[in-house]
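Values in this document were obtained by computation on a predicted structure and should not be read as measured data. Side-chain atoms are counted along with the backbone in the values below, which use heavy atoms only and exclude waters and symmetry mates.
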Amino acid sequence: MRYDDLVRTVQEQSRAVSRDEAERTVSAVLRTLAERLPEGLAEHLAAQLPHELAGSVPPAGAPAEESGHTRGTGERFGLTAFAGRVAWRAGITEEAALQRSAVVLNVLDAFVSPEEMTKVAGALPADIRELLPTTRAVESEA
């Protein structure tokens with residue numbers, strides 16, 4: 001997967017957001033997702049991403065950013081907190097954060113191995129899992 005392809009796809013599917021907005025959104029979603037996933041899973045996901053996104057999924061134990069949230073530790077939070085963190089990081093509304101998070105996760109589903117996305121879906125609570133493509137969310141519950 002190429003970084004430019006991922007960002008362009010997110011930009012196109014996000015209904016006329018700029019490239020800069022698409023990049024900020026991708027980074028915000030990945031960083032927030034990394035906080036929610038267990039350490040090993042976050043690292044496996046990061047390994048399948050373009051190197052330009054490596055900083056979006058820092059290794060576990062990396063110093064907390066200014067928000068104070070930890071990464072890759074399987075921190076427990078639901079959809080409301082997920083949307084709030086993405087919105088804060090991307091500089092958008094929570095409504096836009098939910099819509100764009102679904103776009104980013106849909107694009108990731110197309111680029112990351114099905115096995116990895118099934119593991120990601122299985123590690124998320126049902127409310128966040130609803131942001132994943134319908135077929136993936138259904139498969140993870142089986």
Side-chain angles (χ1 to χ4, degrees), residues 1-60 62 64-142:
M1 158 181 39
R2 291 184 34 222
Y3 176 74
D4 288 334
D5 295 334
L6 186 146
V7 171
R8 183 175 40 258
T9 304
V10 168
Q11 182 180 4
E12 290 167 359
Q13 292 182 11
S14 293
R15 299 185 188 109
V17 298
S18 70
R19 179 176 173 86
D20 183 56
E21 289 173 314
E23 288 176 320
R24 281 195 323 265
T25 300
V26 169
S27 178
V29 171
L30 290 174
R31 188 169 297 272
T32 304
L33 185 62
E35 291 169 352
R36 186 61 180 81
L37 297 176
E39 178 179 333
L41 184 54
E43 291 172 355
H44 287 137
L45 178 63
Q48 293 190 29
L49 298 174
H51 70 276
E52 294 92 339
L53 292 172
S56 297
V57 187
E65 61 180 283
E66 52 281 350
S67 68
H69 301 299
T70 56
R71 297 183 195 96
T73 57
E75 184 181 348
R76 303 274 184 206
F77 56 85
L79 184 61
T80 302
F82 188 92
R85 290 179 189 196
V86 171
W88 177 75
R89 289 181 170 123
I92 56 179
T93 67
E94 288 188 17
E95 183 178 326
L98 287 171
Q99 185 269 330
R100 293 182 191 176
S101 292
V103 169
V104 171
L105 292 171
N106 184 56
V107 172
L108 284 181
D109 186 63
F111 283 108
V112 174
S113 74
E115 297 82 13
E116 194 66 24
M117 287 306 292
T118 298
K119 290 176 185 176
V120 167
L124 296 174
D127 59 350
I128 297 175
R129 199 169 47 237
E130 289 179 16
L131 295 174
L132 294 169
T134 306
T135 54
R136 180 67 62 213
V138 170
E139 289 175 10
S140 70
E141 293 176 14

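Listed by chain and number, the residues in a side chain to side chain donor-acceptor pair (under 3.5 Å) with Thr9 amount to none (sequence neighbours excluded).
A distance-only check finds no donor-acceptor pair linking the side chain of Ser27 to the backbone of Glu23 [under 3.5 Å]. In this structure a side-chain-to-backbone donor-acceptor pair under 3.5 Å is missing from Glu116 to Ser113. The backbone N or O of Val7 sits nowhere less than 3.5 Å from a side-chain atom of Arg19 that would complete a donor-acceptor pair. A donor-acceptor pair is defined here as one N or O able to donate and one able to accept, closer than 3.5 Å; no such pair exists between the side chain of Glu35 and the backbone of Glu75.
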Passes side-chain contact (heavy atoms from CB on, under 4.5 Å), Thr118 versus Glu115? Steps please. CA-CA 5 Å; Thr118 298; Glu115 297 82 13; 5.7 Å; no
Would you sort out whether Leu79 and Leu131 count as a side-chain contact (heavy atoms from CB on, under 4.5 Å), showing the intermediate values? CA-CA 9 Å; Leu79 184 61; Leu131 295 174; 3.7 Å; yes
Can Leu33 and Leu45 be said to form a side-chain contact (heavy atoms from CB on, under 4.5 Å), step by step? CA-CA 10 Å; Leu33 185 62; Leu45 178 63; 3.8 Å; yes
Determine, stepwise, if the pair His44 / Lys119 fulfils side-chain contact (heavy atoms from CB on, under 4.5 Å). CA-CA 10 Å; His44 287 137; Lys119 290 176 185 176; 5.7 Å; no
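For Gln11 against Val17, the heavy-atom pair with the smallest separation is CG-O, 3.0 Å. The nearest pair of heavy atoms linking Ala28 to Val86 is CB-O, 3.8 Å. Nearest heavy-atom pair, Phe82 versus Ser101, reported as atom, atom and distance to 0.1 Å: CE2-OG, 3.7 Å. Annotation for Arg100 and Ser14: closest pair CG-OG, 4.0 Å, computed over non-hydrogen atoms. Looking at every heavy atom in both residues, Ala97 comes nearest to Ala83 through CB-O, 3.5 Å. When every heavy atom of Arg36 is checked against every heavy atom of Pro125, the shortest pair comes out as NH2-CD, 3.1 Å.
Shown are Thr32, Leu30, Leu49; of these, the side-chain contact (heavy atoms from CB on, under 4.5 Å) with Ser56 is made only by Leu30.
Atoms CE and CG, from Met117 and Leu132 in turn, are 5.0 Å apart once rounded to the nearest 0.5 Å. To the nearest 0.5 Å, the span separating CD on Glu94 from CD on Gln99 amounts to 14.5 Å.
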